[in-house]
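Please read all numbers here as calculations on a predicted model, not as lab measurements. Throughout, numbering of the chain's residues begins at 1 and tracks the sequence.
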Amino acid sequence: MTKTIKTLLSAAALILTTFTFATGANAASTKKASVSTIQRRTALTYSYAKKMIKTNKTGLSGNASSIFSKKLYPESGASAGYSDFLLGLKGNGYKFTTNEKNLLRKNLVVRGNSPAATLANAVMAVQAMGLNAQNYKPYGQKRGINLVSRLYKTSITNQTASAQSQALIAISMSNKFKQPKGAKFSKASLSNRLVKVQLNNNGWTYNNRQGTKDADTTAMALTALSRSKSSASNIKTSIQKGQQFLFDIVQKNGTFGYTFNGKTTPNANSTAEAIIALSNDSATKKYVNSSAMKASQTATPLYAMLTYVNNTGSIKKAATQLYGDGQVNLAIAAYKAALKNRSVYTIN
């Protein structure tokens, strides 16, 4: 464990409440993640993620592929989930090397017709690595590209709620990001688009299908709307409704999952997305690890998520470790930032 991560975890330990058991709503005992558990599990996932970035692999065993590769990923230059992975490392104190930055610069694909989600991920990844998204210079090129401006000038009309959420999070990362002339949307208009596609059950879903319960997309939309910092009443109402949706679907053991054909499958990634959303709102961050969201809850989302961490640092049942480790690390970083009244997405 590096000196940096030890310092960050020690600081977090001063804020977090030591775990035994706590009395939740209606006197139900709710398990909370202890300081020692958070430190131990974070150290495992952080160590695993560091090895992944150093070897440019989406995992350390099995059918792992490259994280960055123009050949494997001709549309983006990086494997799906890479921006969350980099943000999770950044949020836990990692310092990217010049070689790692150049790996991104050599492979990242940015075209004139790149869709909003691709550009949004590029903005987040570039900022996470300590580069400048408003003056991004591909390897070997002297002329920079303003990825933020390019994102603003990309159509988001027919994009999914997930893609629109990613775009809103990306343009809200820095107070230095400015809306350019000729922009096809603004923070306000994009926020209103998300409000309009909110479902009758108060959640959001990838394909806008009524009746579907989608914790991941709902959490992303809530994070995006919270990051917009809008004071509009319709945005605030939408956020409150979306938060109630999460309260309604949290599992008894504190997990979240994806529901298909009426069956919910709890997993680390959905739980991580919910933690990120709860952490990005001052009114709900307590439900990550301090208070129960409902009376029947036996464990907090943070406690539940950390049970998916293997002793190797990999994540149980993750589609890929880039997704699994990346989102778990990002959720931990988001909560630590929230305890200091900050956001893991604010990188100026």
Side-chain angles (χ1 to χ4, degrees), residues 41-42 44-69 72-73 75-92 94 100 103-104 107-108 117-118 120-125 128-129 160-163 165-166 169-170 205-206 214-221 223-224 255-260 264-277 279 301-302 304-310 312-335 344-345:
R41 295 295 178 181
T42 302
L44 290 171
T45 59
Y46 180 72
S47 176
Y48 194 95
K50 285 196 299 182
K51 292 175 183 177
M52 287 169 62
I53 189 65
K54 290 184 182 300
T55 56
N56 189 33
K57 292 294 183 181
T58 59
L60 304 181
S61 62
N63 297 320
S65 59
S66 299
I67 298 173
F68 297 104
S69 171
L72 291 177
Y73 321 108
E75 297 302 315
S76 64
S79 180
Y82 80 103
S83 61
D84 280 356
F85 175 76
L86 297 176
L87 282 163
L89 278 170
K90 165 72 175 179
N92 283 294
Y94 189 71
E100 289 161 356
L103 187 62
L104 177 141
N107 288 282
L108 195 63
T118 299
N121 280 312
V123 169
M124 289 188 274
M129 277 197 149
T160 64
S162 295
S165 296
Q166 288 175 305
I169 292 170
T205 187
Y206 186 83
D214 187 340
D216 296 67
T217 303
T218 298
M220 287 181 62
T223 297
T255 58
F256 289 83
Y258 183 76
T259 302
F260 182 72
T264 299
T265 304
N267 59 85
N269 293 83
S270 296
T271 306
E273 289 280 14
I275 288 173
I276 294 167
S279 296
L302 184 60
M305 183 186 72
L306 293 178
T307 64
Y308 285 91
V309 179
N310 291 313
T312 60
S314 63
I315 307 301
K316 297 173 186 175
K317 301 180 180 179
T320 70
Q321 289 307 318
L322 191 69
Y323 264 125
D325 234 60
Q327 291 187 330
V328 167
N329 272 317
L330 182 55
I332 293 169
Y335 183 53
V344 71
Y345 290 108

**Student:** Has the side chain of T55 got a donor or acceptor atom that lies under 3.5 Å from a matching backbone atom of K51?
**Tutor:**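 Yes.
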**Student:** Checking the side chain of N107 only, and the main-chain atoms of L103 only, is there a donor and an acceptor separated by less than 3.5 Å?
**Tutor:**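 Here the side-chain-to-backbone pair exists.
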**Student:** N269 side chain to A318 main-chain N or O, any donor-acceptor pair under 3.5 Å?
**Tutor:**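 Looks like no, no N/O pair under 3.5 Å.
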**Student:** Just how far is it from atom CD1 of I275 to atom OG1 of T223, taken to the nearest 0.5 Å?
**Tutor:**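 Here the rounded value is 11.5 Å.
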**Student:** How long is the straight-line distance from OG of S270 back to CG of D214, given to the nearest 0.5 Å?
**Tutor:**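 So the CG of D214 and the OG of S270 are separated by 8.0 Å.
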**Student:** May I ask you to test the I169-M124 pair for a side-chain heavy-atom distance under 4.5 Å?
**Tutor:**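 Yes. Closest side-chain heavy atoms under 4.5 Å.
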**Student:** Looking only at side-chain N and O atoms, does Y73 offer a donor or acceptor that is under 3.5 Å from a partner on S65?
**Tutor:**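 Note: S65 and Y73 side chains meet the donor-acceptor criterion.
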**Student:** Write down the atom of S76, the atom of A78, and the distance for their closest heavy-atom approach.
**Tutor:**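 Closest pair (atom of S76, atom of A78, distance): OG-O, 2.9 Å.
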**Student:** Just by distance, do the side chain of T307 and the backbone of A304 share a donor-acceptor pair under 3.5 Å?
**Tutor:**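 It does hold such a pair.
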**Student:** Please determine whether the number of non-hydrogen atoms from other residues, nucleotides or ligands lying under 6.0 Å from atom OH of Y323 exceeds 12.
**Tutor:**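 Result for OH/Y323: open.
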**Student:** Examine distances only and state if a side-chain atom of T264 and a backbone atom of Y258 form a donor-acceptor pair shorter than 3.5 Å.
**Tutor:**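 The answer is no, because no donor-acceptor pair under 3.5 Å joins these two groups.
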**Student:** If every non-hydrogen atom of T271 is compared with every non-hydrogen atom of P301, which pair is closest and at what distance?
**Tutor:**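 Looks like CG2-O, 3.5 Å.
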**Student:** Looking at side-chain heavy atoms only, is the closest gap between I53 and Y82 below 4.5 Å?
**Tutor:**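 I53 does not reach Y82 side chain to side chain.
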**Student:** How far apart are the closest heavy atoms of M305 and A268, and which atoms are they?
**Tutor:**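 It is CG-O, 4.1 Å.
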**Student:** Run the side-chain contact (heavy atoms from CB on, under 4.5 Å) test on T58 and F85 for me, step by step, so that the C-alpha distance in whole Å, both residues' side-chain angles and the decisive distance to 0.1 Å come before the verdict.
**Tutor:** CA-CA 10 Å; T58 59; F85 175 76; over 6 Å; no
**Student:** Does the side chain of I276 reach to within under 4.5 Å of the side chain of D84, using non-hydrogen atoms?
**Tutor:**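 No, every pair of side-chain atoms sits at 4.5 Å or beyond.
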**Student:** Would you say the side chain of Y48 lies within less than 4.5 Å of the side chain of L60, judging by non-hydrogen atoms?
**Tutor:**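 Side chain of L60 against side chain of Y48, heavy atoms only: contact under 4.5 Å found.
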**Student:** Could you report the tightest heavy-atom contact between S279 and A334, atom names first, then the distance?
**Tutor:**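 For S279 and A334, the tightest heavy-atom pair comes out as CB-O, 3.6 Å.
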**Student:** Hey, does V328 have a side-chain heavy atom less than 4.5 Å from the side chain of Y308?
**Tutor:**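 Contact flag for Y308/V328 side chains = no.
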**Student:** Out of curiosity, M52 CE to L322 CG, how far, rounded to the nearest 0.5 Å?
**Tutor:**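 Here the rounded value is 5.0 Å.
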**Student:** May I ask you to decide if N329's main-chain N or O and N92's side chain share a donor-acceptor pair within less than 3.5 Å?
**Tutor:**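 Between the backbone of N329 and the side chain of N92 there is a qualifying donor-acceptor contact (under 3.5 Å).
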**Student:** Starting from the C-alpha separation in whole Å, work towards a yes-or-no answer on side-chain contact (heavy atoms from CB on, under 4.5 Å) for T118 and E75.
**Tutor:** CA-CA 8 Å; T118 299; E75 297 302 315; 5.7 Å; no
**Student:** Mind checking the CD-CZ spacing from E273 to F256? Nearest 0.5 Å is all I need.
**Tutor:**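 The distance works out to 11.5 Å.
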**Student:** A221 and S165: which non-hydrogen atoms are nearest, and at how many Å?
**Tutor:**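 Where A221 meets S165 most closely, the heavy atoms are CA-OG, 3.3 Å.
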**Student:** Passes side-chain contact (heavy atoms from CB on, under 4.5 Å), N267 versus I315? Steps please.
**Tutor:** CA-CA 10 Å; N267 59 85; I315 307 301; over 6 Å; no
**Student:** Before giving the answer on side-chain contact (heavy atoms from CB on, under 4.5 Å), spell out for L87 and V344 the whole-Å C-alpha distance, their side-chain angles and the decisive distance to 0.1 Å.
**Tutor:** CA-CA 8 Å; L87 282 163; V344 71; 5.5 Å; no
**Student:** Quick check for you: to the nearest 0.5 Å, what is the distance between T45 atom OG1 and Q327 atom CD?
**Tutor:**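 One finds 13.0 Å between OG1 of T45 and CD of Q327.
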**Student:** Report yes or no: does Y206 contribute a side-chain atom to a donor-acceptor pair with the main-chain N or O of D216 at less than 3.5 Å?
**Tutor:**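 No, the answer is negative, given that no donor and acceptor are paired below the 3.5 Å cut-off.
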**Student:** Would you compute the distance between atom CG of N310 and atom CD of Q321 and round it to the nearest 0.5 angstrom?
**Tutor:**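 Output value for this atom pair is 7.5 Å.
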**Student:** Would you name the heavy atoms of D325 and S314 that are closest together and state the gap between them?
**Tutor:**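 Closest approach of D325 to S314, heavy atoms only: OD1-CA, 3.9 Å.
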